[in-house]
Amino acid sequence: MNNLLINCHLFIINISNGNARLILKKGNNKLSIPKIVYEGKDSIDFNIKKFLKSDINISCFNINSCHVYSKNNIIDIIFVAFTRDDKLNDGYNYYILNELDQKLISKDVINYLKDNMRKMVFIKQLYNEYFSLRELKDLYENIYHIELDRRNFRKRLLNFKIITETEDVRKKDRNGRPNKLYKFNEPFDINLI
């Protein structure tokens, strides 16, 4: 690998309360995407997992390469990783994807998310066993930048037998009715949006 530089850019996403949150590093009053330089030791996947665990303090349940750029002797690989971990090492924080400067976020990452949001297998990986419809609807609205009708969204999911209502409810923090919780049925590859 003489004179070849491989940069791995890590878009680490956490889904919480219907928001897609991105992990960014803050240094010198500037936010940046975590990045590692691959030095040819072990595999790229091994190096990424090691970096995520030791430097950021997260364990991922899904890491995928999203896009590859190359110019001269430099290869930039964009990875998208998903985590459920909340406690991060110093210097790293979660930022809501929609509230960030769009210059920070690769269009390839957004397109990757939009393409995969159509697949129930992908969505199922993002949530624990139970979730509220509000969370799921909010997530779709955040990724696609659209507004969905709550009743039509619920009706469509139930008609396609994608989700099942459970007996469980989640208490609201504020005054109001508790949220009914749902679970996914077998995965379907249906275009919801």
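Remark: Lys183 NZ to Phe131 CZ distance equals 10.5 Å, nearest 0.5 Å. Distance CG/Leu22 to CG/Leu97: 6.0 Å, rounded to 0.5 Å. Considering OG of Ser70 and CD1 of Ile75, their distance stands at 6.0 Å, rounded to 0.5 Å.
For the pair Asp168 (side chain) and Leu181 (backbone), a donor-acceptor distance under 3.5 Å is absent. Here the side chain of Glu135 pairs no donor or acceptor atom with the backbone of Ser16 at under 3.5 angstrom. A side-chain donor-acceptor contact under 3.5 Å links Asp85 to the backbone of Ser59. For Asn57 (side chain) and Lys87 (main-chain N/O), a donor-acceptor pair under 3.5 Å exists by modelled atom type.
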(message) The test is salt bridge (charged side-chain N to carboxylate O under 4.0 Å, His left out); show your working for Asp138 and Arg134 and say whether it passes.
(response) CA-CA 6 Å; Asp138 287 350; Arg134 171 82 183 213; 3.3 Å; yes
(message) What verdict does the ring-ring contact (aromatic ring centres under 6.0 Å, His included) test give for Phe153 and Tyr140, after you've listed the backbone C-alpha separation in whole Å, the side-chain angles of each residue and the deciding distance to 0.1 Å?
(response) CA-CA 10 Å; Phe153 184 73; Tyr140 273 95; 5.6 Å; yes
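Remark: the Asp76 side chain and the Asn7 side chain contain an N/O donor-acceptor pair separated by less than 3.5 Å. With 3.5 Å as the limit, one finds no donor-acceptor pair spanning the side chains of Asn14 and Thr83. Side chains of Asn142 and Asn19: a donor-acceptor N/O pair is present below 3.5 angstrom, by distance only.
Nearest heavy atom pair, residue Asn47 against residue Lys41, reads ND2-O, 2.7 Å. Between Lys161 and Asn185, the shortest heavy-atom distance links the atoms O-ND2, 2.8 Å. Here the closest non-hydrogen pair linking Arg21 and Asp86 is NH2-OD1, 3.0 Å. Contact detail for Ile77 and Phe79: the closest heavy-atom pair is CG2-CE1, 3.2 Å. For the pair Cys66 and Tyr112, the tightest heavy-atom approach, listed with the atom from each and the gap, is SG-CB, 3.6 Å. Nearest heavy-atom pair across Leu10 and Ile33 is O-CG2, 3.1 Å.
Shown are Val80, Leu88, Leu52; of these, the side chain to side chain contact (heavy atoms under 4.5 Å, CB included) with Ile12 is made only by Leu52.
Contacts classified as side-chain hydrogen bond (donor to acceptor under 3.5 Å, both in side chains) and involving residues 23-35 (residues at least two apart or in different chains) are not found.
Taken together through direct or relayed side-chain contacts under 4.5 Å among Ile, Leu, Val, Met, Phe, Trp and Tyr, Ile6 and Val68 form part of one hydrophobic cluster.
With respect to the salt-bridge test (charged N to carboxylate O, under 4.0 angstrom), the residues Arg154 and Glu165 qualify.
Not counting sequence neighbours, Asn111 has no partner by the side chain to side chain donor-acceptor pair (under 3.5 Å) test.
The aromatic rings of Tyr92 and Phe51 sit perpendicular to each other, their planes meeting at more than 60°, with 30° as the lower class boundary.
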